[in-house]
Every structure is written in structure tokens, then in C-alpha cells.
Amino acid sequence: MKKFFSIVVASAVVAAALAGCGGAGSDSTADNTAADNTAADNTAAADNTEGGEGAADGASFKIGGIGPVTGAAAVYGQAVKNAAQLAVDEINAAGGVNGATIEFNFQDDEHDAEKAVNAYNTLKDWNMQMLLGTVTSTPCTAVVEKSHEDNLFQLTPSGSAVESIQYDNAFRVCFSDPNQGSASAQYIGENKLASKVAVIYNSSDVYSSGIYQTFAAEAGNQGIEIVAAEAFTADSNTDFSVQLQKAKDAGAELVFLPIYYTEASIILGQADKMGFDPIFFGCDGLDGILAVEDFDTALAEGVMLLTPFAADAEDELTQNFVKAYQDAYGDIPNQFAADAYDGIYALKAALEKAGATPDMSASDICEALKVSMTEISIDGLTGEGMTWSADGEPNKAPKAVKITNGAYAAM
């Protein structure tokens, strides 16, 4: 059987890359212990995507969410929506934030920048006070322009492009693209997986092209020769025979795939049919590949992913979260779910640290959170002692998982 490798980054490597991103810790630690209630008991709240219902203005904090729940990246958005609602329900059941409840309203953007901006405007009409989103990088980069203009606080769980949090009102839970690209090259080089590498990337997507650029910059330092760098776009993402043939003809020992899971599943299938059997190495965008319809998951056996979350981890927080998520939604949560869950609890901790109240304007809340986000420390699903710096970047140790017997297993 093929071996498909993905990114496993030693803590020391990424810790060094992230050394400048750590925020100051504080005495404000989010209580992330999963409550006994589940989102199944709050179906009406989970389905509140129209916005007009719920507590009156000033009685509860209004958190918006944006991401794809339909389309090619729906696995990501649905996971974020579900996990965020689960966290909201837990917090409300435990007494809320500074005594106030949270309303959560999630809008679909279909992984499209224009639709994400439309979703943002819909949430503004709902009187959103802060945003958890967007889920993917290109829509997030479009929306952050609007949230910056409005001085509305934005915390993306998984928008990893540098531009996605380029303003002081924006923070993120996940790691950025540059860290993934350079760390991928370092891992391939240090573990001597290959000296001749081909890259297949999406030049129309900031996530994919951003990782490729930093990978290429670091490759030479690791003794890696990029023998083929083959791009595709959103309009040409179903047939990769040309790119794969060029990689094969160039003698590529490894193909680096800094892309999302849908295209990756097609590439693996087409490479198998043409008898091309290199090592395949991917980043966190491959999370979700096991859920692709009609994909032979045996092709993903042995895939390793840089991910902050492993559903089979044995700590109590993870076990409680996985059980609650499965009870509510009948599925195993992925890293995007974990990022969103931690994102809601980070907002809770920051709001409490700032002493914010729901009668404050969105701009006043934003000003308060710009400071308090750099003063909190939370123990979450995606990292212990997580802190944030003023540039919005998180500081936490990375984790990795490996696909074994059709499931993600902690390394």
C-alpha cells in the first residue's frame, strides 16, 4: 500500500518559528470543561440563522459566524458552526459571560469572498457585536477589510493567510500559512524524505499559494530541489493529469500538496490510476479527506497532518468535547471544530477580562478586546496555556495526527 505522508512538525521547530508571536499570560483562564448539556438540547438555538429572534439588544452578547456549510469546503464550515454552537450552549448553561447570555448566528459563505461579505452585512443588520470567522482564508481576507472599517472584533478559527488578520481588530486561533510552509520544508529535509520534490498548488487561493511560497523559500536551505511547481485554479481543479505527469517525468520522489482535501482526494486517485507512486505530503487543508464522498479512504492510510487536535486524545477536556459533539451531531469532530470551540471560549475569557457588557457598542467591545486578548491564557482543545500577541497570532505548541485504519490517531 502507498505511504502518504503529511506534516509532522517537531515542537522545537515550530516553537522557534512562533517565538515572536507569544502574548503575555494573565490570571484569566477560560473554564473549558465540557458541561453535561449538549447542543441536542438546544436545537432551536443551533438553527438560528435568520437572526431576528432571541434576547433583546443589550440583554445578550451577539456573536456572528461565517463559513461554508455548502459547497466544496462544507466539511470545514459545518464543523465550525456545530462546535461554536456547542460552546455557546455550554457557556449559557453555566451562567453566561459576566452574567449575560450569548446569541450565535452563523451564515453560509460557500467558501466565496463575495458571499462572505454579503453574510457579514447580514450579520451587521442583526446587530452583531463580534465575529467568529470566517472559516477559510480568501473569504476571511475579504471580510477583514469590512470589519476593520467598522472597528468590529474578528476572531477567525482557521483563516490562516497572513492577510486574513492584517489589521489590529483581527486575531486567529490556528497557525498561519508561513509557519506551515517553512516547517513542511524543514521536516522533509531534516527527515531526508526526498531531495527531488514536486509541488501542486492552487494559485487562485491565498491559503495554498501562501504555503507554497514559504515552502519554496525554505526548500533550498534543506537541500530540496523543486523539480516541478505546477499550479491550478478554481476553474481547473478536477483534472490533474498534466501536473502529475510533469512531476513524474521530473523524477519527483515526493509531491507536496498545500491544498484542500477535495482536490487532494482527486490527485491521489488519479496518481494511483497512472501508476505514479511518490510520497504525498500535505498540510492541515487535507483534514476532511476521509469524509469526501466516494473517495477510497485506503489511499489515505498513513497520512500525517499538522493539526492542533486529535479526537482520540485521552485528556478529559477532549473526551468530554468529543462525546458532546457526537451526541449532538452524530459525527467525530475535526480540527476546525476544535479551533471554533476554543475560539468561543477565548472570546468568553477576553470579554470577562475586559469587564465587557452586552449593552456596549461593537466598536467599544472591539477596543476592549484588542487589549484583553493579549492578557488572557486559556487551556483549550488545541493547546495548553494559549496566549495571543497584539498582531493577532496565537502562541501554542503544535500537535500532529496520523490516519490509521480510517481514523485520525494522536501521534
Legend entry - Separation of Cys174 SG from Ile165 CD1 (nearest 0.5 Å): 8.0 Å
Inset, instruction - Identify the two heavy atoms, one from Pro358 and one from Gln129, that lie closest to each other, and give their separation to 0.1 Å. - result: O-NE2, 2.8 Å
Inset, instruction - Report yes if some heavy atom in the side chain of Ser158 is under 4.5 Å from a heavy atom in the side chain of Val135; otherwise report no. - result: yes
Inset, instruction - Fit a plane to each ring of Phe232 and Phe240, take the angle between them on a 0 to 90° scale, and name the class: parallel (under 30°), tilted (30 to 60°) or perpendicular (over 60°). - result: perpendicular
Legend entry - Non-hydrogen side-chain atoms of Phe215 and Gln222 separated by less than 4.5 Å: no
Legend entry - Nearest heavy atoms of Asn169 and Leu152, plus distance in Å: ND2-O, 2.8 Å
Inset, instruction - Could you tell me whether a side-chain N or O of Lys62 sits under 3.5 Å from a main-chain N or O of Trp126, the two making a donor and an acceptor? - result: yes
Legend entry - Nearest-0.5 Å distance, OG of residue Ser265 to CG of residue Asp296: 11.0 Å
Inset, instruction - If a pair satisfies salt bridge (charged side-chain N to carboxylate O under 4.0 Å, His left out) and one of its residues is in residues 203-212, list it, with sequence neighbours excluded. - result: none
Inset, instruction - Validate the cation-pi geometry between Lys81 and Phe336: distance from NZ or CZ to the six-membered ring centre under 6.0 Å, angle to the ring axis within 45°. - result: no
Inset, instruction - Decide, yes or no, whether a salt bridge links Lys396 with Glu384 under the criterion of side-chain N to carboxylate O below 4.0 Å. - result: no
Legend entry - Nearest heavy atoms of Gln270 and Ser241, plus distance in Å: OE1-N, 3.7 Å
Inset, instruction - Quick one: sort the Phe309 and Phe321 rings into parallel, tilted or perpendicular, breaks at 30° and 60°. - result: perpendicular
Legend entry - Test item: Gln166 side-chain N/O and Glu163 main-chain N/O as donor-acceptor pair under 3.5 Å: yes
Inset, instruction - Begin with the C-alpha distance, continue with both residues' side-chain angles, and end with the deciding distance and a verdict on side-chain contact (heavy atoms from CB on, under 4.5 Å) for Glu367 and Asn151. - result: CA-CA 8 Å; Glu367 288 301 312; Asn151 199 38; 3.0 Å; yes
Inset, instruction - Please say whether more than 12 non-hydrogen atoms of neighbouring residues, nucleotides or ligands are located less than 6.0 Å from CD in Glu114. - result: no
Inset, instruction - Give a yes or no on whether a salt bridge exists between Lys115 and Asp109, defined as a side-chain N under 4.0 angstrom from a carboxylate O. - result: no
Legend entry - Side-chain heavy atoms of Leu131 within contact of Phe153, under 4.5 Å: no
Inset, instruction - Say whether, by atom type as modelled, one donor and one acceptor occur between the side chain of Ser208 and the main chain of Ser204 under 3.5 angstrom. - result: no
Legend entry - Student check: side-chain heavy atoms of Met386 and Ile376 closer than 4.5 Å: no
Inset, instruction - Evaluate the side-chain proximity of Ile63 to Leu347: yes if any heavy-atom separation is below 4.5 Å, no if none is. - result: yes
Inset, instruction - Without swapping roles, check the side chain of Tyr329 against the backbone of Asn82 for a donor-acceptor pair under 3.5 Å. - result: yes
Inset, instruction - Decide yes or no for Val255 and Ile200: does some side-chain heavy atom of the first lie under 4.5 Å from some side-chain heavy atom of the second? - result: yes
Inset, instruction - Could you check if a side-chain atom of Asp177 sits within less than 4.5 angstrom of a side-chain atom of Gln213, using non-hydrogen atoms only? - result: no
Inset, instruction - Might you work through the ring pair (Phe, Tyr, Trp, His ring centres under 6.0 Å) test for Tyr341 and Tyr325, ending with a clear yes or no? - result: CA-CA 11 Å; Tyr341 187 85; Tyr325 192 97; 9.2 Å; no
Legend entry - Ser147 side chain to Gln154 side chain, donor-acceptor N/O pair below 3.5 angstrom: yes
Inset, instruction - Starting at CG of Asn105, measure out to CG of Leu132 and round the result to the nearest 0.5 Å. - result: 12.0 Å
Legend entry - Set of side chain to side chain contact (heavy atoms under 4.5 Å, CB included) partners for Ala142, sequence neighbours left out: Ala113, Val117
Legend entry - Thr134 side-chain N/O to Cys140 backbone N/O, donor-acceptor pair under 3.5 Å: yes
Inset, instruction - Return yes if a side-chain donor-acceptor contact under 3.5 Å exists between Gln335 and Asp339, otherwise no. - result: no
Inset, instruction - Report the distance from atom CD1 of Ile266 to atom CG of Leu244, rounding to the nearest 0.5 Å. - result: 11.0 Å
Inset, instruction - With Tyr201 as reference, evaluate Tyr260, Tyr212, Phe256 under the ring pair (Phe, Tyr, Trp, His ring centres under 6.0 Å) test and give the passing residue. - result: Tyr212
Inset, instruction - Kindly give the heavy-atom pair with the smallest separation between Asp342 and Gly380, and that separation in Å. - result: OD1-CA, 3.4 Å
Inset, instruction - Determine, for Asp150 against Lys146, whether the closest basic-nitrogen to carboxylate-oxygen distance falls under 4.0 angstrom. - result: no
Inset, instruction - Spell out, as yes or no, whether a donor-acceptor pair under 3.5 Å connects the side chain of Asn334 to the backbone of Gly288. - result: no
Legend entry - Closest heavy-atom pair and its distance - Ile224, Ala185: CD1-O, 3.6 Å
Inset, instruction - Check whether any side-chain heavy atom of Thr318 sits under 4.5 Å from a side-chain heavy atom of Asp312, and report yes or no. - result: no
Inset, instruction - Rounded to the nearest 0.5 Å, what's the gap from CE on Met128 to CD1 on Ile66? Could you check? - result: 6.0 Å
Inset, instruction - Please check if the side chain of Trp388 supplies one atom and the backbone of Arg172 the other of a donor-acceptor pair under 3.5 Å. - result: yes
Inset, instruction - Describe, in one word, how the ring planes of Phe104 and Phe106 are oriented to each other, choosing from parallel (under 30°), tilted (30 to 60°) and perpendicular (over 60°). - result: tilted
Legend entry - Non-hydrogen atoms of Tyr261 and Asp287 that approach each other most closely: CD2-O, 3.4 Å
Legend entry - Donor-acceptor pair, side chain of Asp108 and main chain of Glu110, under 3.5 angstrom: yes
Legend entry - Heavy-atom donor-acceptor pair, Ser164 side chain to Ser137 backbone, under 3.5 Å: yes
Inset, instruction - First locate atom CD of Gln243, then atom OG of Ser236, and finally report the distance between them rounded to the nearest 0.5 Å. - result: 7.0 Å
